[in-house]
> 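After the structure tokens below, expect a handful of questions from me.
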Amino acid sequence: MITRGTFITRISGGIIGLSLPDYAWPVNHFAGNNLPVVISTWRHGVAANETAWKILSDNGYALDAVEAGVRVSEADPGVNSVGYGGIPDATGKVTLDANIMDEKGRAGSVSYLQHIKHPISVARLVMEKTPHVMLSGRGALKFAMENGFNKEKLLTNAARQRWKRWKTEEKVYKPEINSENQEGDHDTISMLAVDSESRICGACTTSGLAFKMHGRVGDSPIIGAGLFVDGEIGAAAATGTGELVMKTLGSFLVVENMRNGMTPFQACEAAIIRITKKIPDFSEYQVGFIALSKSGEYGAASISPGFEYAVATAEFTGLKEADSWMKAQ
Ligand code: GLY
């Protein structure tokens, strides 16, 4: 018979019924002693976290924090993988995907949305004002405009120049696995936050893969792929090549791993290992996961080195590099 005592002992030595990785990655686990906590993907997450932190440190709601946080990247023309300034698809159109979830498991998302600078706020309205979870394309645009959003030109001159260069020189999409590449072709911002009342929420928003096929939608608006929140357990989100995340329902898997006793880092690590086992050409792509538990523990893992994530807590503000599967080989 498993008593509470033996269960806890066995959890600390290895988790019952779970296949933990059979080799050791460096331990990259950050205990959460104090709430609130906010984490987000990539270097542009630092500025986004700063805005989110202002809300969280003022005892604000995690949902408001993640929405306001990722709006910073959406509005920044220097971030060429999100919102305004995003790299267009193969036909020169900027098409956006976004997703938001709250601590009650409510969700809203938009996909293939054009002309709207803040898709995350449209996703929140889908969650709060409609009986649905996802609106797409023209329907999403119509809904946004009916709710006071204005059509804007999202293709900047810099993004247009890159597209023109791509059209004449490259013509095919080449996945970018070196995430240190400053051109950053798939740097979705995903943000997870738990507030001082232990309410955990998440958001992600992206213009998707640079020069993607017209009509392509990635993992970011798909609940359980680009983002998943379970208010009793924690939250997870993804960045990188969405097709790999969609095929493995990565963020849902990370949260389920945490439910079964893994730390956020172990949960991300196991989801990356799942990709390496299920997707034969995984090494040609980059995927990164971030995870946050309801108690404020966090962690991250990626396929290739170079995936940085931004953290803001009362004790630490800045960037950390996730452990990667490649580096551990
Ligand atoms: N992760 C973003 C995308 O693949 O569209």
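Read the numbers this way: they start at 1 and go in the same order the structure lists the ligands and their atoms. If you're wondering where the values come from, they're calculated on a predicted model, not measured in any experiment.
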> Which atoms from ligand 1 have a heavy atom of S220 less than 4.0 Å away?
1 (N), 2 (C)
> Between Q266 and N257, is any side-chain donor less than 3.5 angstrom from a side-chain acceptor?
no
> Please report whether ligand 1 has a polar contact with R216, defined as an N or O pair separated by less than 3.5 Å (distance criterion only).
yes
> Within the 3.5 Å criterion, strictly below it, is a donor on E103 or Y61 matched to an acceptor on the partner's side chain?
yes
> Using 4.0 Å as the upper bound for N to carboxylate O, is an ion pair formed by R71 and E74?
no
> For ligand 1, which atoms have a heavy atom of G240 less than 4.0 angstrom away?
1 (N), 2 (C), 3 (C), 4 (O)
> For T95, which of H115, H214, K212 qualifies under side-chain hydrogen bond (donor to acceptor under 3.5 Å, both in side chains)?
K212
> So, regarding D219 and ligand 1 (criterion: nitrogen or oxygen to nitrogen or oxygen, under 3.5 Å), is there a contact or not?
yes
> Taking D102 first and then R124, would you say they form a salt bridge - that is, a charged N and a carboxylate O separated by under 4.0 Å?
no
> Got an N/O contact under 3.5 Å between G242 and ligand 1?
yes
> Could you list the atoms of ligand 1 found under 4.0 angstrom from a heavy atom of T188?
1 (N), 2 (C)
